[in-house]
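Working notes for the structure below.
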Amino acid sequence: MTYNILIAGVGGQGTLLASKLMGKVFLERGYDIKVSEVHGMSQRGGSVVTYVRYGEKVDSAVIDKGEADMLISFELLEAARWMSYLKPDGVIITNTQKMNPMPVITGQAKYPEDIITKIKQSGIKTITLDALKLAGEAGSARSVNVVLLGVAAKYLGLDRSVWEDAIKTTVPAKTVDVNLKAFGLGYSVKED
Amino acid sequence: MKELMLGNHAAARGLYEAGVKVVSSYPGTPSTEITECVAEYDKNIIYSEWAPNEKVAAEVAFGASIGGARSFCAMKHVGLNVAADPIYTASYIGVNAGMVIGVADDPGMHSSQNEQDSRHHAIASKIPMLEPCDSQECKDMTMLAYEISEAYDTPVMLRLSTRISHSRSPVEKGERKELPLKEYVKNPGKNVMMPAMARARHIFVEERTKKLVEYAENSGINKIEAGGDIGIIAAGTTYNYAKEALGEKASYLKLGMVNPLPAELIKKFASQVKRIIVCEELDDIIETHCKKNGIAVEGKNLFSFCGEYSQSVIKKAILGVVNEYHAFPEEIPGRPPVLCAGCPHRGLFYALKGLKVYVSGDIGCYTLAAQKPLAQIDACVCMGASISGLHGFNIARGSEQAKRSVAVIGDSTFIHSGITGLIDIAYNKGISTVIILDNSITGMTGHQNNPANGLTIKGDPTAAVNLEALAGAVGFNSVRVVDPYDVEASKKVITEELEKAEPSLIIARRPCALLKQVKHKKALVVGDECIGCKACLQVGCPAISVEGKRAVIDSNQCVGCGICKAACKVGAIKEAE
């Protein structure tokens with residue numbers, strides 16, 4: 001069986017590091033893997049999504065509605081946007097940080113209220129955390145991505161050390177400590 | 001150990017291993033990373049460059065091939081239109097050392113202005129086209145393309161798409177095969193295309209196509225995978241979707257070569273299955289070919305000509321199965337890409353907003369100014385067309401219109417194909433006003449150097465196009481430079497130039513705010529003077545919003561550019577103390 005992870009966020013949030021680390025870890029463990037990214041126009045402050053699929057043999061590189069086992073969302077509205085891509089028995093891990101998109105800034109649209117409650121009403125297992133705050137505690141607001149990876153790692157069934165080793169060999173040397181701390185803080189997040 | 005590689009990186013690796021020596025490209029999503037990756041090799045191993053446009057890139061590759069070195073050029077689908085002229089005739093000439101053209105389509109238009117299918121160009125230019133389905137095939141088929149190119153005396157196209165170019169999958173690396181430069185032998189009958197020679201070469205091309213059809217039939221590049229009763233014909237990413245959707249329920253004819261197509265192989269495949277369906281994104285090229293050969297396939301009766309497919313699309317169309325899912329119960333506001341906080345283009349467009357002029361737009365980050373709240377682009381069709389399109393618009397509507405209209409074009413796009421439009425205006429006595437948004441980089445495709453910024457693909461200093469001198473040389477005598485962060489000054493200069501009864505060029509010059517060397521100021525703050533009028537929201541900056549009755553500036557995003565100050569009527573936006 002193929003395990004499907006959808007990583008959603010806002011262009012510039014560093015979603016690609018999470019998929020890069022996943023790619024490295026799963027490939028090293030002998031899985032077939034495909035990671036699909038979108039570059040170019042949608043990078044700049046737009047909604048961005050990365051698909052990670054791994055298993056014995058992976059054909060398609062994309063994930064469609066109702067197919068993801070896990071949704072990792074870097075921003076709250078993006079969790080609402082992409083939740084339909086999740087299987088009914090999938091899990092959502094979402095940052096509670098809110099970033100207003102341009103239609104909301106200009107007053108053409110409203111940022112929905114009580115997103116978490118409304119997502120939970122669907123019955124989907126949902127883990128929420130203030131990843132920005134935890135990233136700050138780790139020492140850098142830019143480590144939001146690794147905080148979220150830390151939360152996800154707990155559900156991906158591999159030893160914690162596997163991820164920590166991947167972080168050590170992937171991120172720039174001077175950010176290793178911050179990222180390991182960020183990972184640990186994410187890993188310790190409890191289900192609410 | 002296999003390595004996880006982007007399709008584009010794998011294609012670049014294929015170029016390396018195939019002994020390619022010359023690569024010339026113009027950036028274009030989703031093809032850009034092939035050339036960026038090649039640029040990481042030492043120039044004595046593979047020479048690489050950014051060309052001013054795709055036509056030049058293809059001509060450089062053509063010349064290198066005649067000169068005896070394996071060569072390559074990469075482009076996006078619309079770039080192939082620009083390069084079509086040399087490529088169609090290079091098809092007649094063929095090659096000395098192998099020549100491959102990488103073209104990346106963008107079904108779904110993630111970052112493009114149309115959804116054209118580049119296979120039409122392969123058919124029309126009678127050039128064989130290979131289509132890989134994952135990163136390993138990107139590498140393998142890149143290398144195979146050179147074998148075909150040299151064996152059949154033809155350029156070869158490698159067709160990629162967003163999902164192939166921008167997906168990572170495992171790749172087995174190999175060694176580079178270093179090739180000696182092939183001998184150059186003068187041969188006008190083959191290399192000089194004028195009527196007498198070209199007539200003979202056209203006959204050659206038709207014979208070559210017959211041989212390539214035999215290759216398509218027998219070489220194994222197109223393979224049958226026997227399985228269930230449903231027969232699927234597919235190539236590239238669509239083949240992956242079909243495999244994912246149908247698995248053992250179907251048999252597959254996987255096409256690795258999408259031009260020319262086999263007929264006998266398809267007939268053989270058709271005889272082995274009960275139902276035969278062509279799955280192809282965009283146009284019905286394989287389907288039409290099958291029908292022309294009397295094979296009763298299904299295809300676009302089940303699938304759309306528009307957008308990307310997926311395993312779900314195929315499962316629904318063929319099996320009638322739909323995935324279950326929970327949707328969010330309310331409408332979700334869109335999150336379109338926007339001009340970044342601190343983007344110099346914003347200042348210029350905010351200045352234009354106050355002038356209420358017709359804006360002839362072009363291709364680049366600044367096309368985003370078409371969206372609200374700036375909403376400043378009236379038309380945008382292709383690279384370079386802002387200038388020539390403005391000229392036509394003003395001729396149609398008269399000289400008074402020319403005082404209320406401008407063209408806006410980025411530095412790289414101007415070099416690509418804006419210069420000829422500028423010449424057209426000067427030569428034909430136009431009086432249009434052209435604005436070059438010079439941010440010293442090719443921005444939208446992810447920061448590539450270009451002939452206007454004085455840096456090569458490797459970041460080495462080189463000659464920079466002097467835009468002011470160039471404009472003067474073609475007959476623009478009124479050339480002004482403005483800082484787009486200074487909205488009032490920009491407005492004043494534009495107004496003055498619009499009034500002139502001669503053609504004018506305004507260069508709005510300030511580097512992209514995302515460039516590493518650009519020093520940012522401290523974030524601005526909103527003072528107690530704020531009356532909550534929301535005028536600042538009209539600059540469309542992602543760092544400003546209004547909470548309650550007061551504007552708020554996000555200090556994480558704001559780079560202190562100050563454009564929003566021009567919008568604030570009460571002077572509430574200021575530097576932090």
Side-chain angles (χ1 to χ4, degrees), chain A residues 2 10-12 19-20 23-24 27-28 32-47 51 58-67 77-81 83-88 99-112 115 118-119 121-124 141, chain B residues 1-4 6 29-30 32-33 110-112 134 162-164 166-170 237 239-241 243-245 308 310-313 322-340 365 368 371-373 444-446 534 537-538 540-542 544-546 556:
Chain A
T2 306
V10 177
S19 58
K20 192 175 173 188
K24 185 177 164 63
L27 188 71
E28 279 172 2
D32 189 18
I33 177 160
K34 283 192 175 149
V35 179
S36 190
E37 306 161 356
V38 173
H39 304 208
M41 188 142 177
S42 40
Q43 276 183 317
R44 308 274 180 254
S47 174
Y51 309 125
V58 179
D59 288 307
S60 169
V62 305
I63 297 172
D64 210 329
K65 287 186 175 170
E67 293 180 346
L77 182 64
E78 297 309 307
R81 185 187 319 283
M83 72 177 273
S84 58
Y85 281 67
L86 210 62
K87 290 175 183 167
M99 294 169 77
N100 285 336
M102 196 50 71
V104 170
I105 290 177
T106 57
Q108 294 163 269
K110 249 189 102 207
Y111 198 104
I115 289 178
K118 285 167 191 163
I119 290 175
Q121 276 165 0
S122 68
I124 292 176
Chain B
M1 175 73 192
K2 287 187 177 181
E3 202 174 298
L4 203 59
L6 212 55
T29 313
T32 314
E33 298 84 359
H110 295 278
S111 196
S112 301
D134 59 18
T162 299
R163 295 301 180 187
I164 299 298
H166 288 169
S167 290
R168 294 176 197 273
S169 58
T237 190
Y239 162 78
N240 297 335
Y241 300 151
K243 284 280 277 191
E244 186 82 39
E308 288 189 290
S310 69
Q311 54 271 24
S312 292
V313 167
V322 181
N323 294 334
E324 270 183 60
Y325 59 85
H326 296 298
F328 191 73
E330 287 172 26
E331 202 176 324
I332 299 162
R335 191 186 296 275
V338 291
L339 294 176
C340 306
C365 292
L368 295 171
Q371 294 171 315
K372 287 180 184 172
M444 182 60 95
T445 44
K534 299 184 180 175
L537 298 184
Q538 291 306 308
C541 177
I544 309 179
S545 53
V546 170
N556 287 320

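As a basis for the values below, the full set of heavy atoms in this structure was taken, side chains included, without hydrogen atoms, waters or symmetry mates. Every chain is numbered from 1 and lettered A, B, ... according to where its sequence line falls, protein lines coming before strand lines.
For A:Y85, the ring pair (Phe, Tyr, Trp, His ring centres under 6.0 Å) partners are A:W82, not counting sequence neighbours. Residues satisfying the salt bridge (charged side-chain N to carboxylate O under 4.0 Å, His left out) criterion with A:K118, sequence neighbours excluded, are B:E330.
Of the two parts of B:I164, neither the backbone nor the side chain holds a non-hydrogen atom closer than 4.5 Å to a non-hydrogen atom of chain A. Within the 4.5 angstrom heavy-atom criterion, atoms from both the backbone and the side chain of A:V62 approach chain B. Using a 4.5 Å cut-off between heavy atoms, A:Q121 makes no contact with chain B at all. Only the backbone of A:K110 comes within contact range of chain B, judged by heavy atoms closer than 4.5 Å. Within the 4.5 angstrom heavy-atom criterion, only backbone atoms of B:E331 (N, CA, C, O) approach chain A. With a 4.5 angstrom heavy-atom cutoff, A:L86 touches chain B only via backbone atoms.
Residues A:M102 and B:P373 meet the side-chain proximity criterion, which asks for heavy atoms closer than 4.5 Å.
By number of non-hydrogen pairs under 4.5 angstrom with chain B, the leading residue of A:V58, A:D32, A:I115 is A:I115. With respect to chain A, the highest number of heavy-atom pairs below 4.5 Å among B:A245, B:C541, B:G334, B:P329 belongs to B:G334. Most heavy-atom pairs under 4.5 Å with chain B: of the set A:D64, A:N100, A:I119, this distinction falls to A:D64. Counting heavy-atom pairs under 4.5 Å between each of B:S312, B:A327, B:S545 and chain A puts B:S312 at the top. Ranked by non-hydrogen atom pairs under 4.5 Å with chain B, the options A:K20, A:K87, A:Q108, A:E28 are led by A:Q108. Contact count against chain A (heavy-atom pairs under 4.5 Å) is highest for B:S167 among B:G540, B:S167, B:P30. Annotation: maximal heavy-atom pairing with chain B below 4.5 Å, among A:A109, A:A61, A:S36, occurs at A:S36.
Judged by distance alone, with hydrogens and angles left aside, the side-chain atoms of B:R335 form no donor-acceptor pair with the main-chain N or O of A:E78 at under 3.5 Å.
Counting all heavy atoms, side chain and backbone alike, B:L537 lies closest to A:T106 at O-CG2, 4.4 Å. Residue A:S122 comes nearest to B:H326 through the heavy atom pair O-NE2, 3.6 Å, listed as atom of the first residue, atom of the second, then distance. Of all heavy-atom pairs between B:F328 and A:P112, the closest is CE2-CB, 4.1 Å. Considering all non-hydrogen atoms of both residues, A:E37 and B:L6 come closest at OE1-CD1, 3.8 Å.
To the nearest 0.5 Å, atom NZ of residue B:K534 and atom CD1 of residue A:I105 are 12.0 Å apart. Taking NZ from A:K34 and CG from B:D134, the interatomic distance works out to 5.0 Å, rounded to the nearest 0.5 Å. Rounded to the nearest 0.5 Å, atoms CD (B:E3) and NZ (A:K24) are 9.5 Å apart. Separation of atoms CG (A:L27) and NZ (B:K2) is listed at 8.5 Å; rounding is to 0.5 Å. One finds the CG atom of A:D59 at 9.0 Å from the CD atom of B:Q311 (value rounded to the nearest 0.5 Å). Rounding to the nearest 0.5 Å gives a distance of 8.5 Å between OH of A:Y51 and OG of B:S310.
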Residues B:I332, A:R81; criterion side chain to side chain contact (heavy atoms under 4.5 Å, CB included); working and verdict: CA-CA 6 Å; B:I332 299 162; A:R81 185 187 319 283; 3.7 Å; yes

